[in-house]
Student: 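The structure under discussion is supplied below as C-alpha cells; questions concerning it will follow.
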Amino acid sequence: MSSQCRSLSTGAAHVSHNHSLWTRATVAVVGATVFTYQYNKNNAIVITDCEALPVHGIPGTNKERTFLAVKPDGVQRGLVGDIIARFEKRGYKLVGLKMVWPTLEMAQEHYADLSSKGFYPGLCKFFSSGPIVCMCWEGKDIIKQGRQMLGETQPLKSLPGSIRGDYSIDLGRNICHGSDCPEAAEAELKMWFPEGVNDWTKTVDVHVYE
Ligand code: IDP
Ligand code: MG
C-alpha cells in the first residue's frame, strides 16, 4: 500500500493525465482513515471503500456529511417523516438518526456562534423545550444541498418547495437546522454523535452517482 498512499489533498497527482480511472482504485490515508477512491468522468473524487470514516466524513467527496436536525417545532408538528423522506428520495444516505431532548447547556453550545445576539436566550430556551431529531446525512455536496433543501433562515425568503418554504412562517419556528459549512458540520456531528454513526454501503448508489 505504501507506494500508492496519497493524502486527499495531493491525490490528484496520479490522475491528471487520465480521467477514466473507474478501473483503478487508489489507496489514500487522511489522518488515521484508510480508504480507496477513484475519479469519475467529471474528475470528482468518489470513495469506493473505507475502513472507518471520521464522523464528519470527507468533505468534497461523496462521503461528505452534515448535521441536520428537526427542531422542537418540527417534531411537534409531525414533520419528521416528511423531512427524512425528502433527503432519502433525493438520493442521500442516512448514516445517523436519534431523538434527543437537549439540555439548555447543549442548546447554548450548539448555538454558541450566536451568543452575542439578542435572540440567543430565547433561541436556546426554545431549542431545549422538547425533543429534536438528530440526523447525519451523507453524500456529494450534502452540506450545501442540505441548506438549499431547508430553505432560507427567514421563512419569508424561503421558496415553496423547500422545507421552510413549505412549512414555516416565523423566523423562530423555522422547523429545521442544517450545518452551514464543513467546519460547522464537523463540530456539530462531533457534538451530537459522539458515539459515531453507521458506515454502511448503499447498494443503489450506482444509480445515484455517475
Ligand atoms: P440557520 O438556522 O438558517 O443556520 P442562524 O443564523 O444560524 O440560521 O440562526 C439560527 C436560528 O436562530 C434560526 O434558524 C432561527 O430559528 C433563529 N434566528 C435567527 N435569526 C433570528 C432573529 O433575528 N430573531 C429570532 N430568531 C432568529
Ligand atoms: Mg446556522
Side-chain angles (χ1 to χ4, degrees), residues 54-60 63-194 197:
V55 68
H56 53 285
I58 304 179
K63 299 287 185 195
E64 181 170 303
R65 290 176 177 170
T66 195
F67 175 68
L68 299 181
V70 185
K71 299 200 278 194
D73 46 336
V75 173
Q76 287 287 346
R77 292 179 54 193
L79 297 174
V80 174
D82 177 278
I83 291 169
I84 291 175
R86 288 172 182 239
F87 286 89
E88 274 192 322
K89 287 179 193 169
R90 185 105 194 210
Y92 287 114
K93 188 203 293 186
L94 184 62
V95 296
L97 175 69
K98 64 181 177 184
M99 180 175 268
V100 176
W101 191 323
T103 62
L104 182 61
E105 291 71 27
M106 291 164 86
Q108 288 168 337
E109 182 182 343
H110 175 72
Y111 283 122
D113 59 319
L114 299 172
S115 59
S116 63
K117 307 284 186 185
F119 60 84
Y120 178 71
L123 172 65
C124 295
K125 187 178 175 194
F126 179 68
F127 196 72
S128 57
S129 68
I132 66 170
V133 171
C134 301
M135 296 172 282
C136 178
W137 285 92
E138 179 188 290
K140 183 183 173 191
D141 299 325
I142 182 60
I143 297 173
K144 279 189 180 166
Q145 201 68 262
R147 293 287 298 191
Q148 289 203 144
M149 291 170 70
L150 259 55
E152 299 294 324
T153 304
Q154 172 59 260
L156 183 59
K157 293 183 182 165
S158 296
L159 292 177
S162 66
I163 294 165
R164 289 166 171 171
D166 284 347
Y167 299 129
S168 68
I169 297 171
D170 240 357
L171 184 53
R173 299 290 184 272
N174 61 3
I175 307 293
C176 45
H177 166 83
S179 310
D180 60 6
C181 63
E183 294 73 24
E186 177 173 347
E188 291 170 2
L189 286 167
K190 283 178 175 171
M191 176 186 168
W192 292 103
F193 287 98
V197 294

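For ligands, and for the atoms within them, numbers begin at 1 and follow the listed sequence. What you see is a predicted model; the values in this text were computed from it and never measured.
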Student: Closer than 4.0 Å to some heavy atom of Thr153 - which atoms of ligand 1 meet that?
Tutor: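 The atoms of ligand 1 under 4.0 Å from a heavy atom of Thr153 are 1 (P), 3 (O), 8 (O), 13 (C).
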Student: Tell me whether the centres of the aromatic rings in Trp137 and Phe87 are closer together than 6.0 Å.
Tutor: yes
Student: Heavy-atom contacts with Tyr111 under 4.0 Å: which atoms of ligand 1 show up? List them by number with element.
Tutor: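 Answer, ordered by atom number: 10 (C).
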Student: Assess whether atom CD of Gln154 is packed by more than 12 heavy atoms of other residues, nucleotides or ligands within 6.0 Å.
Tutor: yes
Student: Ignoring hydrogens, what is the shortest heavy-atom contact between Trp192 and Cys134? Give both atom names and the distance.
Tutor: CE3-SG, 3.8 Å
Student: Out of Asp180, Leu114, Leu150, Asp113, who is nearest to atom 9 (O) of ligand 1 when you count heavy atoms only?
Tutor: Leu114
Student: Check Asn174 against ligand 1 and report side chain, backbone, both or neither, counting heavy atoms closer than 4.0 Å.
Tutor: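 The answer is the side chain of Asn174.
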Student: May I ask you to test the Arg147-Thr66 pair for a side-chain heavy-atom distance under 4.5 Å?
Tutor: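 Side chain of Arg147 against side chain of Thr66, heavy atoms only: no contact under 4.5 Å found.
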Student: When you measure from the heavy atoms of Arg164 to every atom of ligand 1, does any distance fall below 4.0 Å?
Tutor: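 Contact check Arg164 vs ligand 1: positive.
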Student: Which part of Leu123 is near ligand 1, with near meaning a heavy atom under 4.0 Å away: side chain, backbone, both or neither?
Tutor: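 The part of Leu123 near ligand 1 is the side chain, not the backbone.
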Student: Take Lys63 and Glu138 through the test salt bridge (Lys or Arg N to Asp or Glu O under 4.0 Å) and record every step on the way to the result.
Tutor: CA-CA 6 Å; Lys63 299 287 185 195; Glu138 179 188 290; 3.6 Å; yes
Student: Using non-hydrogen atoms of the residue, decide whether Lys71 is closer than 4.0 angstrom to ligand 1.
Tutor: yes
Student: In ligand 1, which numbered atoms sit nearer than 4.0 Å to a non-hydrogen atom of Phe119?
Tutor: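 In order of number, 12 (O), 18 (N), 19 (C), 20 (N), 21 (C), 22 (C), 23 (O), 24 (N), 25 (C), 26 (N), 27 (C).
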Student: Should Phe67 and His56 be marked as a side-chain contact (heavy atoms from CB on, under 4.5 Å) after you check the CA-CA gap, both sets of side-chain angles, and the distance that decides it?
Tutor: CA-CA 9 Å; Phe67 175 68; His56 53 285; over 6 Å; no
Student: Starting from atom 15 (C) of ligand 1, which protein heavy atom do you reach first, and at what distance in Å?
Tutor: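 Answer, as residue, atom name and distance: Leu171 O, 3.3 Å.
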Student: One residue to check: Arg147. Relative to ligand 1, which of side chain, backbone, both or neither has a non-hydrogen atom less than 4.0 Å away?
Tutor: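 The side chain, only.
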Student: Tell me whether Lys117 forms a cation-pi arrangement with Tyr111, defined as NZ or CZ under 6.0 Å from the six-membered ring centre and within 45 degrees of its axis.
Tutor: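 Geometry flag: not set, cation outside 6.0 Å or 45°.
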